[in-house]
Amino acid sequence: MLTETLARRDIRKLSLEELKEFFIAKGEKAFRAQQVYEWLWMKSAKSFEQMTNISLSTREMLKEHFVINHIKVDNMQRSADGTIKNAVTLFDGLVVESVLIPTEKRITACVSSQVGCSLACKFCATARLKRQRNLSPDEIYDQVAAIKEQADLFFGRPLTNIVFMGMGEPLLNYANVTAAIEKITHQKGLGMAAKRITVSTVGIAKMIKKMADDEVKFNLAVSLHSALDQTRSSIMPINDSNSLAELADALRYWYQKTKKKVTYEYVVWKDINDSEEAANALLKFCKVIPSKVNLIEYNPIDDGEFKQASDEVLNMYMDLLERNGITTRIRKSRGKDIDAACGQLANKT
Ligand code: SAH
């Protein structure tokens with residue numbers, strides 16, 4: 001059974017053009033390809049049976065050649081604050097997580113880009129799962145489509161925003177992430193605006209430059225957490241090979257090409273980055289290019305090596321940044337009771 005499934009091609013790997021060629025080669029009309037393509041993407045069909053305007057014989061023919069490797073949302077948890085966490089099973093049995101975050105004005109989908117993560121940030125639960133593989137564009141797309149359905153079903157509201165802040169490092173799966181965004185923003189896909197999409201990265205300089213060259217229309221967020229090399233290296237090993245100077249350089253290039261701000265994500269921890277020196281370093285880094293800061297609440301994942309700094313320290317950061325014209329928000333975490341908050345995604349279920 002498994003070998004049979006593998007022998008058939010994943011139909012969503014085909015472009016509309018390729019699908020048209022396939023239909024013509026089978027002696028069918030090209031417009032059928034268009035209809036099937038709409039089922040696959042706009043309507044997120046999970047099976048060929050659903051394609052009711054396609055004749056039974058054509059559907060049978062498609063089934064002989066193709067599979068639809070649709071994700072399965074098979075464990076949905078709801079938090080007391082309304083947040084929904086999905087355990088998403090992929091066609092090969094691996095599992096990732098996605099989160100729906102409702103606020104008064106927005107419904108945000110937080111999606112994963114890789115199974116596990118290779119980056120080893122010391123404060124993140126996902127880092128403890130070895131990176132297994134990249135998600136394909138359709139696996140990323142499906143997470144968004146599933147949350148869009150949940151937004152409608154449970155809240156009667158549209159999905160408004162998408163953040164790539166789930167499992168994995170999106171810029172280490174850049175081609176598939178951008179291919180997914182292409183479909184998510186396309187009129188024949190989910191028709192979402194690129195400016196409502198944010199890709200969050202640990203800050204891989206080379207890839208930020210690539211995004212700038214590609215003149216992407218979505219937003220960039222960088223998980224900074226410290227603007228001092230020694231501190232940052234001690235909590236985020238990526239900083240060893242990718243220093244703050246290189247990051248700053250890439251950000252200048254980003255701004256020059258896209259004229260878009262960057263958002264820094266920053267957790268303030270007791271005894272790690274709670275000094276005035278640390279706050280001043282952040283302020284200095286914020287002046288590299290126009291930027292905003294989200295001070296994220298820490299979600300404990302372990303034995304207590306990392307502890308959220310006091311409100312006093314948070315206010316010290318807030319005052320310093322705001323006084324110097326940097327828009328700063330304190331982001332309370334959501335879905336903590338179900339391990340759905342930032343850095344807690346680790347397939348516990
Ligand atoms: N790899 C990407 C996206 C995934 S992490 C990145 O690093 O940006 C999404 C955000 O959650 C990042 O800003 C990350 O630094 C933050 N985060 C990780 N663990 C956390 C924790 N335990 N508490 C709060 N935020 C955390």
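Note that the structure is a prediction, hence the values are computed from the model and not measured. Whatever order the structure lists them in is the order used to number ligands and atoms, beginning at 1.
- Within the 3.5 Å criterion, the main-chain N or O of P102 finds a donor-acceptor partner in the side chain of R334.
- Each of the following atoms of ligand 1 lies closer than 4.0 Å to a heavy atom of G166: 4 (C).
- The contact set between ligand 1 and G168, taken as ligand atoms under 4.0 Å from a residue heavy atom, comprises 1 (N), 2 (C), 3 (C), 4 (C).
- The contact set between ligand 1 and F123, taken as ligand atoms under 4.0 Å from a residue heavy atom, comprises 15 (O), 18 (C), 19 (N), 20 (C), 21 (C), 22 (N).
- Near V202, the atoms of ligand 1 lying under 4.0 angstrom from a non-hydrogen atom of the residue are 6 (C), 7 (O), 8 (O).
- At the shortest separation from atom 9 (C) of ligand 1 among protein heavy atoms lies M165 O, 3.5 Å.
- Relative to the six-membered ring of Y255, K257 misses at least one condition, a distance below 6.0 Å or an angle of at most 45° to the axis.
- Under 4.0 angstrom from ligand 1, there are no non-hydrogen atoms of T126.
- The shortest N or O to N or O distance between S200 and ligand 1 is under 3.5 Å.
- For atom 11 (O) of ligand 1, the closest heavy atom belonging to the protein is C342 CB, 3.5 Å.
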With a 3.5 Å cut-off and sequence neighbours excluded, list the donor-acceptor pairs that the side chains of residues 319-328 form with protein atoms.
{"unit_1": "E322", "atom_1": "OE2", "unit_2": "T328", "atom_2": "N", "d": "2.8"}
{"unit_1": "N324", "atom_1": "ND2", "unit_2": "L320", "atom_2": "O", "d": "2.7"}
{"unit_1": "T328", "atom_1": "OG1", "unit_2": "I326", "atom_2": "O", "d": "2.9"}

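- The only option from R133, K13, K72, R12 that meets the salt bridge (charged side-chain N to carboxylate O under 4.0 Å, His left out) definition with E139 turns out to be R133.
- Scanning all protein heavy atoms for the shortest distance to atom 12 (C) of ligand 1 gives S223 OG, 3.0 Å.
- Among H225, E265, Q114, the residue whose heavy atom sits closest to atom 15 (O) of ligand 1 is H225.
- Here is the list of ligand 1 atoms found below 4.0 Å of a heavy atom in C124: 18 (C), 19 (N).
- Here the protein heavy atom with the shortest distance to atom 23 (N) of ligand 1 is N299 N, 3.0 Å.
- Taking 4.5 Å as the limit, every side-chain heavy atom of D271 sits out of range of all side-chain heavy atoms of W269.
- Listed by number with element, the atoms of ligand 1 under 4.0 Å from a non-hydrogen atom of E297 are 24 (C).
- Considering backbone and side-chain N/O of L119, none are found under 3.5 Å from N/O of ligand 1.
- Within the listing of ligand 1, atoms 6 (C), 7 (O), 8 (O) sit less than 4.0 angstrom from a heavy atom of T201.
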Apply side-chain contact (heavy atoms from CB on, under 4.5 Å) to residues K260 and W254 and explain how you reach the verdict.
CA-CA 8 Å; K260 282 167 85 74; W254 161 262; 3.9 Å; yes

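- Between N273 and T231, the side chains place no donor N or O within less than 3.5 Å of an acceptor N or O (distance only, hydrogens not considered).
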When the side chains of residues 279-291 are checked against the rest of the protein, which donor-acceptor pairs come out under 3.5 Å, sequence neighbours left out?
{"unit_1": "N280", "atom_1": "ND2", "unit_2": "E276", "atom_2": "O", "d": "3.1"}
{"unit_1": "S291", "atom_1": "OG", "unit_2": "C286", "atom_2": "O", "d": "2.9"}

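- Relative ring orientation between H65 and F22 is described as perpendicular, the plane-to-plane angle rising above 60° on a 0-90° scale split at 30° and 60°.
- Residue L119 is grouped with residue L129 when hydrophobic side chains (ILVMFWY) are merged at heavy-atom distances under 4.5 angstrom, including chains of intermediate members.
- When only non-hydrogen protein atoms are considered, atom 19 (N) of ligand 1 lies nearest to G343 CA, 3.0 Å.
- The backbone N or O of V115 lies less than 3.5 Å from no partner atom in the side chain of Q132, so there is not a single donor-acceptor pair.
- Taking 4.0 Å as the cut-off, A127 does not count as a neighbour of ligand 1 on heavy-atom distance.
- Residue contacts with ligand 1 leave out C121, since none of its heavy atoms falls under 4.0 Å from the ligand.
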